[in-house]
Amino acid sequence: MSNITNNFQEIISHCKEYGYIFQSSELYDGLSAVYDYGQMGAQLKKNIRDEWWKSMTQLHDNIVGIDAAIFMHPTVWKASGHVDNFSDPMIDNKDSNKRYRVDHLIEAHVETLDKAAGDALLAEMDKLLAADDLAGLKSLIETNKIKCSISKTCNWTDVRQFNLMFSTQIGSVAEEADTIYLRPETAQGIFVNFLNVQKTGRMKIPFGIAQTGKAFRNEIVARQFIFRMREFEQMEMQFFVRPGTQMEWYNYWKETRKKWHESMGIPTEKLRYHDHVKLAHYADAALDIEFEFPFGWKELEGIHSRTDFDLSQHAKYSKKKIQYFDNDLNAEGKPYGNYTPFVVETSVGLDRLFLTIVSLSYLEEKWTKEDGTEDSRVVMKIPAKIAPVKLAILPLLKKDGLPEIASQLMNECKPHFHCFYEEKDAIGKRYRRMDAIGTPFCVTIDHQTKEDNTVTIRYRDTMTQERIPMSEVKRLVMEKICC
RNA sequence: GCGGAAGUAGCUCAUUUGGUAGAGCGAUAGCCUUCCAAGCUAUAGGUGGCCGGUUCGAGCCCGGUCUUCCGCUCCA
């Protein structure tokens, strides 16, 4: 276990040292649970996102992508249930340090009372909760001498509101106050655009809408590097289906998504399903695809059958009809007609997938050389198709015209994929630097190149190399990064 | 939020009853070098996480605070 922990520490250090991830505002001692992606990390993250986007939109005829704004009308979050369910008044007992939800604490106390007194207390609590009267709730607890079940004391902190949504102000919102929220999930941007996309895209059920983007949650405890952050990026796809067929599609996406992760180089044995026992208010089935992170099995992606909850809620709150007319014929030969579609959601944490790829890729290798001495390297075996830099072009020496040939090759390759040019230090040192950032291919230009236009290409994963015509380099790398 | 551990150069660490900070690696510039980090020369980098206190004097003692990791807790 301690080895695993150390390994995780090393991955974190490596990410910082080679420009993958920095702590946000590090110059000012950092901001808790917020991270920046560096020059390497941003490219890797983009490559992962692009793969997902392609697999969803380009490879599925019936899925289209959108990009909804982070700010949304405040009523969206009432309709979705986030305003009511994403926020709870909490109170801590100073002696036991145990934290309670205020309503749970009072309800537990009510059970010890007779019916009349209990009902009166509940009525009082509901009134205070509705009024957001936090001080009133505290004095209610104190005047009723409600004790902590562990410390048996009434030594309470103030009641505090824990809302997982970040709020801010906007200029002009007609109704409600001028408080708006930073979205805690991207899904709602898809639901509120359901009709727009369906009509303008002439989409026929079943079809999906995909989206990637930032979401924000004011987690009380956010930790484990980029696993749980306050600002994070989701890659979500909402698949709209005919009511009654949702389990079929739920199973389809369950399989499809797991296979996709495997196609990203994640070994099958590191992935597993975890069915939700307790379902959220909107779901009739839910599971996580979990990955074995260095700190244990954790959720990587969620597959949820969300029923017609979201579209119905938005229909209700917006007072607009959100339905689909299905012309397909049923068993009786009649069109299915109007209905509110059911939704199967797939939702991946992009940052978590990034962490998955990085923790799988990071390796410390040791071996014995032919002369009997020990050698080692740190290598990031990032799959070639998502590696930030695909090819390093290295003149063996920085003289004798070798850099000129190398820059020719640079010009030929760089319009097609990311290349890196380096002429400093011994060749072995340059190879190790490329290993550390995860560059899958290195090409070296030497004196023989001047004679016969061949170069050596060196493979990161095996450290083997072969001699090929320089004119083949572009084609060969393109071939390897497309699979 | 509670408890534990930690924070000194880009990285890993030294500086031992408190006396104004060093090394290795790395980086940069150059030299040497015909394929897997190890040769030579030079240079740059730290108000010791931050703020305050004790002291003639604090990296070291004390208080607070920020951040990270671990264990709880939390995560509709």
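Throughout, protein chains are lettered first and strands after them, A, B, ... in sequence-line order, and every chain is numbered starting at 1.
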Participant: In whole Å, measure the gap between the C1' atoms of B/C35 and B/U20 for me.
Facilitator: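 My reading of the C1' atoms in B/C35 and B/U20 gives 50 Å.
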
Participant: For the C1' atoms, the ones on B/A5 and on B/A9, what distance do you get once it is rounded to whole angstrom?
Facilitator: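 Each nucleotide's C1' atom is 24 Å from the other's.
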
Participant: Check A/Lys390 against A/Ala384 and note the closest heavy-atom contact, atom names and distance.
Facilitator: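 That closest heavy-atom pairing would be NZ-O, 3.0 Å.
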
Participant: Over all strands shown, is A/Thr444 touching base, sugar-phosphate only, or nothing at heavy-atom distances under 4.0 angstrom?
Facilitator: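 Since a base atom lies under 4.0 Å of A/Thr444, the category is base.
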
Participant: State which of B/C35, B/C70, B/A38 makes the closest approach to the side chain of A/Ile427.
Facilitator: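 Taking heavy atoms from C-beta onward, the closest nucleotide is B/C35.
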
Participant: Taking the side chain of A/Arg228 as its heavy atoms from C-beta onward, which of B/C70, B/C75, B/C35 lies nearest to it?
Facilitator: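 Given the options B/C70, B/C75, B/C35, the side chain of A/Arg228 is closest to B/C75.
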
Participant: With nearest nucleotides of RNA chain B determined for A/Gln23 and A/Asp375 from heavy-atom distances, which residue corresponds to the more 5′ nucleotide?
Facilitator: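 The answer here is A/Asp375.
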
Participant: For RNA chain B, list all stems, counting runs of three or more consecutive pairs where every pair is Watson-Crick or G-U wobble with both distances under 3.5 Å.
Facilitator: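 When the pairs of RNA chain B are grouped into runs of at least three, the stems are B:1-7 with B:66-72, B:10-13 with B:22-25, B:27-31 with B:39-43, B:49-53 with B:61-65.
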
Participant: Hey, are A/Gln188 and A/Ser80 close enough side-chain-wise for a donor-acceptor pair under 3.5 Å?
Facilitator: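 No pair is found: no donor N or O on one side chain lies under 3.5 Å from an acceptor on the other.
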
Participant: Using whole Å, report how far CD1 of A/Ile11 lies from P of B/C69.
Facilitator: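 Spelled out: CD1 on A/Ile11 to P on B/C69 is 13 Å.
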
Participant: Would you classify A/Ala283 as touching base, sugar-phosphate or nothing, given that sugar-phosphate means primed atoms plus P, OP1 and OP2, and contacts are heavy atoms under 4.0 Å?
Facilitator: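 No contact.
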
Participant: Under the ring pair (Phe, Tyr, Trp, His ring centres under 6.0 Å) rule, collect the residues that match up with A/Phe417, sequence neighbours excluded.
Facilitator: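 Testing A/Phe417 for ring pair (Phe, Tyr, Trp, His ring centres under 6.0 Å), a comparison that skips the adjacent residues, returns none.
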
Participant: Holding to salt bridge (Lys or Arg N to Asp or Glu O under 4.0 Å), I want the full list of residues that pass it with A/Asp284, two or more places apart in sequence or in another chain.
Facilitator: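 Not a single residue meets the salt bridge (Lys or Arg N to Asp or Glu O under 4.0 Å) criterion with A/Asp284.
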
Participant: Round to the nearest Å and state the distance from A/Leu164 atom CG to B/A76 atom P.
Facilitator: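 Checked: the CG to P distance equals 8 Å.
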
Participant: Any idea if B/G45 is syn or anti, going by the 90°-from-0 cut?
Facilitator: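 Syn conformation for B/G45.
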
Participant: What's A/Phe225 touching, base or sugar-phosphate or nothing? Going by heavy atoms closer than 4.0 Å.
Facilitator: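 Result for A/Phe225 = sugar-phosphate.
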
Participant: When rounded to the nearest Å, what value does the distance between P atoms of B/A76 and B/U8 take?
Facilitator: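 Result for the P pair: 36 Å, nearest Å.
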
Participant: Using the 3.5 Å cut-off, write out each protein N or O paired with an N or O of nucleotides 27-34 of chain B and the distance between them.
Facilitator:
{"from": "B/A27", "atom 1": "OP1", "to": "A/Arg433", "atom 2": "NH1", "distance (Å)": "2.5"}
{"from": "B/U34", "atom 1": "N3", "to": "A/His447", "atom 2": "ND1", "distance (Å)": "3.2"}
{"from": "B/U34", "atom 1": "O4", "to": "A/His447", "atom 2": "ND1", "distance (Å)": "3.4"}

Participant: Would you measure the distance from the C1' atom in B/C13 across to the matching atom in B/U73 and give it in whole Å?
Facilitator: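 The answer is 35 Å between these two C1' atoms.
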
Participant: Heavy atoms only, 4.0 Å cut-off, all strands: where does A/Tyr459 land among base, sugar-phosphate and nothing?
Facilitator: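 No contact at all - A/Tyr459 keeps every heavy atom at 4.0 Å or more from the nucleic acid.
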
Participant: Roughly, in whole Å, what's the span from CZ in A/Phe441 to C1' in B/C35?
Facilitator: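 Value for this atom pair: 18 Å.
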
Participant: Which is true for A/Glu185 with a 4.0 Å heavy-atom rule: it touches a base, it touches only sugar-phosphate, or it touches nothing?
Facilitator: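 Since a base atom lies under 4.0 Å of A/Glu185, the category is base.
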
Participant: Any idea which heavy atoms bring A/Ser361 and A/Pro383 closest together, and the distance?
Facilitator: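 It is OG-CD, 4.4 Å.
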
Participant: Are A/Phe293 and A/Phe291 an aromatic pair, judged by ring center distance below 6.0 Å?
Facilitator: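 For A/Phe291 and A/Phe293, the ring centres are under 6.0 Å apart.
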
Participant: Can you identify which nucleotide, out of B/C69, B/C35, B/A76, has its nearest atom closest to the A/Gln9 side chain?
Facilitator: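 Closest nucleotide among those given: B/C69.
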
Participant: Which residues pass the ring pair (Phe, Tyr, Trp, His ring centres under 6.0 Å) test with A/His14, sequence neighbours left out?
Facilitator: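 Partners of A/His14 by the ring pair (Phe, Tyr, Trp, His ring centres under 6.0 Å) criterion, ordered by chain and then number, come out as A/Tyr18, A/Tyr362.
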
Participant: With sequence neighbours left out, which residue pairs that include part of residues 33-46 of chain A fulfil the side-chain hydrogen bond (donor to acceptor under 3.5 Å, both in side chains) condition?
Facilitator: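 Every side-chain hydrogen bond (donor to acceptor under 3.5 Å, both in side chains) pair that includes a residue of residues 33-46 of chain A, provided the two are not neighbours, is A/Tyr37-A/Asp351, A/Gln43-A/Asn47, A/Gln43-A/His418, A/Lys45-A/Glu233, A/Lys46-A/Asp50.
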
Participant: Starting at atom CD1 of A/Ile393, determine the distance to atom C1' of B/C35, rounded to an integer number of angstrom.
Facilitator: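 Taking CD1 of A/Ile393 and C1' of B/C35, I get 17 Å after rounding.
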
Participant: Indicate the ring-plane relationship of A/Phe8 and A/Phe225, choosing parallel, tilted or perpendicular according to the 30° and 60° boundaries.
Facilitator: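 Judged by the thresholds at 30° and 60°, the geometry between A/Phe8 and A/Phe225 is perpendicular.
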
Participant: Whole-Å distance between B/C36 C1' and A/Glu365 CD?
Facilitator: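 Distance check: A/Glu365 CD to B/C36 C1' gives 13 Å.
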
Participant: Are a donor atom and an acceptor atom from the side chains of A/Glu236 and A/Gln211 found within less than 3.5 Å of each other?
Facilitator: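 There is no such pair between these side chains.
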
Participant: Below 3.5 Å is the cut-off: list the nitrogen or oxygen pairs between protein and nucleotides 39-47 of chain B, distance only.
Facilitator:
none

Participant: With sequence neighbours left out, what residues match A/Phe191 under ring pair (Phe, Tyr, Trp, His ring centres under 6.0 Å)?
Facilitator: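 Ring pair (Phe, Tyr, Trp, His ring centres under 6.0 Å) check on A/Phe191 returns nothing, list empty.
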
Participant: In whole Å, I'd like the distance from the CG atom of A/Leu27 to the C1' atom of B/C50.
Facilitator: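 Going from CG in A/Leu27 over to C1' in B/C50 covers 12 Å.
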
Participant: Going by the ring-ring contact (aromatic ring centres under 6.0 Å, His included) test, which pairs reach into residues 421-442 of chain A, not counting sequence neighbours?
Facilitator: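 Passing the test, one end in residues 421-442 of chain A: A/Phe441-A/Tyr459.
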
Participant: Mind checking what makes salt bridge (Lys or Arg N to Asp or Glu O under 4.0 Å) contact with A/Arg458, not counting sequence neighbours?
Facilitator: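 A/Asp435.
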
Participant: Provide the distance between the two P atoms, one in B/U47 and one in B/C51, to the nearest whole Å.
Facilitator: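 B/U47 and B/C51 have their P atoms separated by 11 Å.
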
Participant: Should the side chain of A/Arg430 and the base of B/C36 be counted as holding a donor-acceptor pair, with the cut-off at 3.5 Å?
Facilitator: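 Check fails, no donor-acceptor contact within cut-off.
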
Participant: Within this structure, what is the CD-to-C1' distance between A/Gln313 and B/A76, rounded to whole angstrom?
Facilitator: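 Answer to the nearest Å: 14 Å.
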
Participant: Using the closest heavy atom to pick a nucleotide of RNA chain B for each, name whichever of A/Ile12 or A/Arg306 lands nearer the 5' end.
Facilitator: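 Comparing both residues, the 5'-ward one is A/Ile12.
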
Participant: Does the side chain of A/Asp400 come within less than 4.5 Å of A/Lys450's, by heavy atoms?
Facilitator: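 Contact flag for A/Lys450/A/Asp400 side chains = yes.
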
Participant: Looking only at heavy atoms, which two atoms of A/Arg217 and A/Phe232 are closest? And how far apart?
Facilitator: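 Shortest heavy-atom contact: NE-CZ, 3.8 Å.
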
Participant: Taking the P atom of each, how far is B/C2 from B/G18, in whole Å?
Facilitator: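 31 Å, rounded to whole Å.
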
Participant: Whole angstrom is fine here: how far is it from NZ in A/Lys298 over to P in B/C74?
Facilitator: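 Rounding to the nearest Å, NZ of A/Lys298 and P of B/C74 are 13 Å apart.
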
Participant: Taking only residues two or more places apart in sequence, or in another chain, which ones meet A/Phe309 in a ring pair (Phe, Tyr, Trp, His ring centres under 6.0 Å)?
Facilitator: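 A/Phe309 satisfies ring pair (Phe, Tyr, Trp, His ring centres under 6.0 Å) with A/His281 only.
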
Participant: For residues A/Tyr250 and A/Asp275, report the shortest heavy-atom separation together with the two atoms involved.
Facilitator: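 Heavy atoms only, the tightest pair is OH-OD1, 4.3 Å.
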
Participant: With a cut-off of less than 4.0 Å, is there a side-chain N or O of A/Ser376 near OP1 or OP2 of B/A37?
Facilitator: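 Result: no.
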
Participant: At less than 3.5 Å, do the side-chain atoms of A/Tyr431 and the base atoms of B/C35 form a donor-acceptor pair?
Facilitator: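 Donor-acceptor pair under 3.5 Å: yes.
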
Participant: For B/G19 versus B/C60, give the span between their P atoms, rounded off to a whole number of Å.
Facilitator: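 Here B/G19 and B/C60 have their P atoms 11 Å from each other.
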
Participant: Work out how far the C1' atom of B/A14 is from that of B/A21, and round it to whole angstrom.
Facilitator: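 It works out to 10 Å between them.
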
Participant: Give me the distances for all protein-to-nucleotides 6-12 of chain B N/O pairs that come in under 3.5 Å?
Facilitator:
{"from": "B/C11", "atom 1": "OP1", "to": "A/Lys16", "atom 2": "NZ", "distance (Å)": "3.2"}

